[in-house]
Amino acid sequence: MLQEALLAWYEGAKRPLPWRGEKDPYRILLSEVLLQQTRVEQAVPYYRRFLERFPTLKALREASLEEVLRVWAGVGYYRRAEHLHRVSQAAETLPRSYEELKELPGLGPYTAAAVASMAFGERVAAVDGNVRRVLARLFALESPTPKALQALAQALLPEEGDPGVWNQALMELGATVCRPKRPLCPACPLGAFCQGQKAPERYPKARARAKREERLAALVLWGRKGVYLEPQKGRFQGLYGVPTFPEEELGARARAFGVEPSYVGEVRHELTHRRLFLRVYAALWEGEGVDPKAKPLPKLTEKVLRQAEAFLAHAGVVPFQDA
DNA sequence: AATGCGGGGTC
DNA sequence: GACCCAGCATT
């Protein structure tokens, strides 16, 4: 039986993770949101830090969004933090059913199913990228639709036993054995059932994606107590950063701040669908500014600030941190 | 169905 | 470089 083979394998092969066997719905929710498009190894330290600072839904509710983002800073997809914060403020406790969970901000079909099955024992299949790949190979499907995958996964879900454990077992198989590249088919507990084993890398077919270039300028205003930071809109929403804009606007921006900036270098930064290319300018500034360490910053802004700081140090300017 | 949204590991 | 990760919201 396929189900028994997978579960037996899982018991012996599962990686020890901080949220294994967790029953607290809040902690399960946090782990699942952190794991959205994020590798397990990358999520673990943030999971620990987050719980240290916000151990309960109540603690999260009583915090400001900015405090939450300060802990989230660095892991990416910052709307997840905002959604989580909104969830904490929406109700005293989390709803217990898949259908209700799916209505919460930041919870889609996968996360709602994961929480419903792991925290509340609901028999609903959680289909993430791992499960998608496992099922595509198991049934030799090149382009399965989300609907078809959900139906397949639901049909496979055992009628007895812990549905949360089952969902995790399927994902664990995808993460460690049925990997995107070089799957370990000889070690797979489902080998006897798999129709895609002859050419596993054909399933599912990869989707093409474009990566566009974006050229911008960044202006670092170096004040007495820190730098000028503004809340970011759109990209990096909720975090802070130095002003960035198309390079043609540099003159106008500099005039508006009453400074004459120097070019201090360039910064490249890659996002999933964008290649950012920033020319960085810096100037000493009459304003006070704020200490960047006190604000949640995207990695891009950290790079820009390092570039400016290196230039200014070379020019003999004492960084405000040491003032 | 397609696109935007981070950051990082891997080959 | 390209790919992709325990996805979601928006259009």
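Convention: sequence-line order gives letters A, B, ...; per-chain numbering from 1.
In this structure, A:R215 forms a cation-pi arrangement with A:F277, its terminal cationic atom sitting closer than 6.0 Å to the ring centre and no more than 45° off the ring axis.
A:L149 has its CG atom 13 Å from the P atom of C:dG7, to the nearest Å. Regarding A:R179, its CZ atom lies at a distance of 14 Å from the C1' atom of C:dC4, rounded to whole Å. The nearest whole Å value for the distance from the CG atom in A:L30 to the C1' atom in C:dA6 is 13 Å. With rounding to whole Å, A:L29 atom CG is found 11 Å from C:dC8 atom P.
The pair A:R123-A:E159 does not meet the salt-bridge criterion, since no charged nitrogen lies less than 4.0 angstrom from a carboxylate oxygen. With respect to the salt-bridge test (charged N to carboxylate O, under 4.0 angstrom), the residues A:E288 and A:K225 qualify. Between A:E66 and A:K295 a salt bridge is recorded (basic side-chain N to carboxylate O distance below 4.0 Å).
Around atom CD of A:E286, no more than 12 heavy atoms belonging to other residues, nucleotides or ligands sit under 6.0 Å away.
In this structure, A:K181 and A:W19 both approach DNA chain C, and ranking their closest nucleotides by distance from the 5' end singles out A:K181.
Within 4.0 Å (heavy atoms only), A:L173 reaches no atom of the nucleic acid at all. Contacts of A:V33 with the nucleic acid, taken as non-hydrogen atoms under 4.0 Å apart, are absent.
A:R133 pairs by the salt bridge (Lys or Arg N to Asp or Glu O under 4.0 Å) definition with nothing, not counting sequence neighbours. For the side chain to side chain contact (heavy atoms under 4.5 Å, CB included) test, residues two or more places apart in sequence or in another chain that qualify with A:K58 are A:T56, A:R61, A:E62. Partners of A:A81 under the side chain to side chain contact (heavy atoms under 4.5 Å, CB included) rule, at least two apart in sequence or in another chain, are A:V68, A:L69, A:W72.
Side chain of A:R137 to backbone of A:Y203: a donor-acceptor contact under 3.5 angstrom is found.
C:dA6 sits 24 Å from B:dT3 when the P atoms are compared, rounded to a whole Å.
Contacts between residues 117-131 of chain A and DNA chain C, counted as heavy-atom distances below 4.0 Å, involve A:D128, A:G129, A:N130. Looking at residues 82-116 of chain A, you'll see that no heavy atom sits under 4.0 Å from any atom of DNA chain B.
Across A:R80 and A:T38, no two heavy atoms sit closer than the pair NH1-OG1, 3.0 Å. Across every non-hydrogen atom of A:P292 and A:L229, the tightest pair is CA-CD1, 4.0 Å.
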In B/S/- notation, 5' to 3', how is nucleotides 2-10 of chain B contacted by protein heavy atoms closer than 4.0 Å?
--BBBBBB-

